[in-house]
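FYI, side chains are in, hydrogens and waters are out, and symmetry mates aren't considered; it's all heavy atoms of this structure. For ligands, and for the atoms within them, numbers begin at 1 and follow the listed sequence.
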Amino acid sequence: MNLGFTPEQEMLRDSVIRFASRECSEELFRKMDEEAYYPHELYSKLAELGFLGIPLPMEYGGSGLGCVSSVIFQEELSKRLLPLQMTFQVSILSAGMAILQLGTPAQKDRFLRPLAEGKINFAIAFTEPGAGSDAASISLAADPANDGYRLNGQKIFISAADISDYMIVSTRTDRKVPKRAGITAFIVDSKSPGLTIRKISKLGVKANAYCGVFFDDVCVPAENILNGLNQGWAVVTHSLELDRIGAAARWVGLAQEALDYAIDYARNRSQFGRKIGSFEWTRDLFAEMQTKVDAARLLTYRAACLMDERKPCRKEASMAKLFASELVVDLSRKMMQVLGGYSYAMEYHSQRYLRDCLFATIGAGTSQIQKLIIANEMRL
Ligand SMILES: Cc1cc2nc3c(=O)[nH]c(=O)nc-3n(C[C@H](O)[C@H](O)[C@H](O)COP(=O)(O)OP(=O)(O)OC[C@H]3O[C@@H](n4cnc5c(N)ncnc54)[C@H](O)[C@@H]3O)c2cc1C
């Protein structure tokens, strides 16, 4: 396993950093949070610069650069443009890679190039009001009708459903078999008659909405089944490792950003005639937190390297996600203390970092579920 970066990967990191500092002004940074403004135009620019195609093969307009490069991109993008990283994760990594690995030739031809070109977005609709961590217990029904299926039921907490053109939806197609054996995944047009999307007001990352999605006799042609009838569990689970590595990269990026912001503040703020960054407790805190961010980063790149080497990385992906997500919440909370009373003012970013990261330990599998996976992999 090689944990060093190639010159191309170093260049990739530099170009994402340059992109984010050039395109994300302080005004836009605030607007995304205060007005829940989603910068569509920047997502198109990411496509033009070839970033969206990083994990996709060249034949579909991508560059096939693999997981480590994806992680570099996501880590740097998350610092200033977290809402775009979240779209990249669901649209390209979860949906795109599922279509690439499990789709029919016609589905690949139809969806992959437009995804890499940023012309379409996908959402991933698995969670239901009664099926969260236990994702196999879904009840949204897909029943045969004419030459396709009719979908009835509800999904909840679906990221970026409001800006999606399509969504991959897990449905129940057989109620008589064990629950994982009766699931079918469909590619559903988000503008289908009978499909309603409602944004749910939330605490952080406001520019990237999460939504309730309601299906009332939504007709989907049989050709939109992904991976075959009653083979949907493989779709639900196929990109879990990739998702977890991507989530870990996101939280490493945000943790570093929140830490750097507080360090900058502590270097400039004086009390009792001293910079507060010179107090023993702040030096101790910053040293400890930077060590933990580096540890989270190493766990993340280890998992990404294993994935690029096509080696098993279930345990390592869960470890990276668990460690990075718990860390970013702890770190963001502690950085509030460094800023004192200013941390609580909306004008300062510390409160936003904390709000943005509070779902880290829930989305892409909760911390408890990550520990369960790690313990199982350890044969405990
Ligand atoms: C911001 C955000 C974006 C999201 N985006 C999407 C999306 O795009 N698509 C999508 O399909 N879903 C999405 N989700 C949903 C997310 O995947 C679920 O919230 C998550 O899987 C947890 O499910 P739940 O909320 O129903 O909690 P539950 O499963 O009800 O869990 C509640 C608590 O019980 C614990 N728990 C559950 N089972 C066990 C167990 N076996 N052992 C120990 N503890 C357990 C959990 O760890 C948690 O602490 C999103 C969620 C958030 C917050």
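In terms of heavy-atom proximity, M86 sits nearest to S159 at CE-OG, 4.4 Å. Between R283 and G277, the closest heavy-atom pair is CG-O, 3.4 Å.
Looking only at protein heavy atoms, the nearest one to atom 39 (C) of ligand 1 is I369 CD1, 3.9 Å. Here the protein heavy atom with the shortest distance to atom 10 (C) of ligand 1 is T127 OG1, 3.3 Å. Annotation: atom 37 (C) of ligand 1 to nearest protein heavy atom, S133 OG, 3.6 Å. Protein heavy atom in closest approach to atom 8 (O) of ligand 1: S159 N, 3.0 Å. The closest protein non-hydrogen atom to atom 44 (N) of ligand 1 is Q368 CB, 3.6 Å. Counting protein heavy atoms only, atom 1 (C) of ligand 1 is closest to F359 CD1, 3.3 Å. Considering only non-hydrogen protein atoms, atom 9 (N) of ligand 1 sits nearest to I124 O, 2.8 Å.
Between R297 and D294 there is a salt bridge, since at least one side-chain N of the basic residue sits less than 4.0 Å from a carboxylate O of the acidic one. E26 has a carboxylate O that lies under 4.0 Å from a charged side-chain N of R30, or vice versa, which qualifies the two as a salt bridge. Between R18 and D14 there is no salt bridge, since no side-chain N of the basic residue sits under 4.0 Å from a carboxylate O of the acidic one.
Atoms of ligand 1 found under 4.0 Å from any heavy atom of I362 (numbered from 1 in listed order, with element): 19 (O), 20 (C). Close approach of ligand 1 to L372 is summarised as follows: ligand atoms under 4.0 Å from at least one heavy atom of the residue are 41 (N), 42 (N). Near I158, meaning under 4.0 Å from one of its heavy atoms, ligand 1 places the atoms 7 (C), 8 (O), 9 (N), 10 (C), 11 (O). When each atom of ligand 1 is checked for a heavy atom of F126 under 4.0 Å away, the hits are 11 (O).
The distance criterion of under 3.5 Å between nitrogen or oxygen atoms is not met by A131 with respect to ligand 1. Inclusion of Y210 in the set of residues having an N or O under 3.5 Å from an N or O of ligand 1 is not warranted. Residue G365 places no N or O, backbone or side chain, under 3.5 Å from any N or O of ligand 1. Considering both main-chain and side-chain atoms, K202 never comes within under 3.5 Å of ligand 1 through any nitrogen or oxygen pair.
I183 has its side chain out of reach of N230: every pair of non-hydrogen atoms, C-beta onward, lies at least 4.5 Å apart. Put simply, the side chain of E59 does not reach to within 4.5 Å of the side chain of R113, judged on heavy atoms. At least one side-chain heavy atom of Q74 sits under 4.5 Å from a side-chain heavy atom of Q85. Side-chain contact between L327 and W251 is absent, with no heavy-atom pair separated by less than 4.5 Å.
Between Y265 and Y342, the ring planes lie tilted relative to each other; the angle falls in the 30° to 60° range.
Contact annotation for atom 3 (C) of ligand 1: protein present (non-hydrogen atoms, distance under 4.0 Å). Within the 4.0 angstrom cut-off, atom 30 (O) of ligand 1 has no protein heavy-atom neighbours. Within a 4.0 Å radius of atom 13 (C) of ligand 1, the protein contributes one or more non-hydrogen atoms.
Sequence neighbours left out, the pairs with a member in residues 103-122 that pass ring-ring contact (aromatic ring centres under 6.0 Å, His included) are F111-F122, F111-Y166, F122-Y166.
Considering each of L203, T361, T366, L358, the one bringing a non-hydrogen atom nearest atom 47 (O) of ligand 1 is T366. Scanning A160, A125, G132 for the heavy atom closest to atom 21 (O) of ligand 1 points to G132.
Screening M32, R352, R250 against L82 for a side-chain contact (heavy atoms from CB on, under 4.5 Å) leaves a single residue, R250.
The closest donor-acceptor contact from the side chain of R355 to the backbone of S350 lies at 3.5 Å or more, if one exists at all.
Residue contacts with ligand 1, taken as heavy atom pairs separated by less than 4.0 Å, involve F157 via backbone and side-chain atoms alike.
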